[in-house]
Engineer: 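Here you go, one structure.
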Amino acid sequence: MKINGKTVPWSAPISLSQWLQENGYGQGRVAVERNGEIIPKSQYDTVILREGDCLEIVHFVGGG
């Protein structure tokens with residue numbers, strides 16, 4: 001699987017929501033594109049990531 005252009009190890013199918021949580025992304029401040037398609041936050045629990053998927057994750061950070 002590729003995340004933001006980098007190949008990452010893959011072991012088994014997992015929901016997008018679970019993957020984000022396990023990898024330290026707060027779901028409230030991210031946007032995710034899988035294989036060229038933006039995933040609505042309402043579908044994060046039902047979208048299953050699989051080997052070969054390509055994700056682009058944008059993590060919004062506050063500050064000033």
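Computation of the quantities below employed the complete heavy-atom set of this structure, encompassing side-chain atoms and omitting hydrogens, waters and symmetry-equivalent molecules.
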Engineer: Applying side chain to side chain contact (heavy atoms under 4.5 Å, CB included), name anything that partners N35, two or more places apart in sequence or on another chain.
Structural biologist: D53, C54
Engineer: Tell me every residue that passes side-chain hydrogen bond (donor to acceptor under 3.5 Å, both in side chains) with N4, counting only those two or more places apart in sequence or in another chain.
Structural biologist: none
Engineer: Could you list the residues that satisfy side chain to side chain contact (heavy atoms under 4.5 Å, CB included) with I3, not counting sequence neighbours?
Structural biologist: M1, V8, W19, L55, I57
Engineer: What pairs with P40 under side chain to side chain contact (heavy atoms under 4.5 Å, CB included), at least two apart in sequence or on another chain?
Structural biologist: S42, Q43
Engineer: What's the separation between atom CD1 in I38 and atom CD in E33, rounded to the nearest 0.5 Å?
Structural biologist: 6.0 Å
Engineer: Determine whether the side chains of D45 and S15 contain a donor N or O and an acceptor N or O closer than 3.5 Å.
Structural biologist: no
Engineer: In Å, rounded to the nearest 0.5 Å, how long is the span from CD of E56 to CD1 of I39?
Structural biologist: 12.5 Å
Engineer: If you look at every heavy atom in V47 and R34, which pair is closest and at what distance?
Structural biologist: CG1-NH1, 3.4 Å
Engineer: Return the set of residues passing side-chain hydrogen bond (donor to acceptor under 3.5 Å, both in side chains) with E37 (not counting sequence neighbours), or none when no residue passes.
Structural biologist: none
Engineer: If you look at every heavy atom in Y25 and V30, which pair is closest and at what distance?
Structural biologist: CD2-CG1, 3.9 Å
Engineer: Mind checking side chain to side chain contact (heavy atoms under 4.5 Å, CB included) for E51 and listing every partner two or more places apart, or none if nothing turns up?
Structural biologist: W10
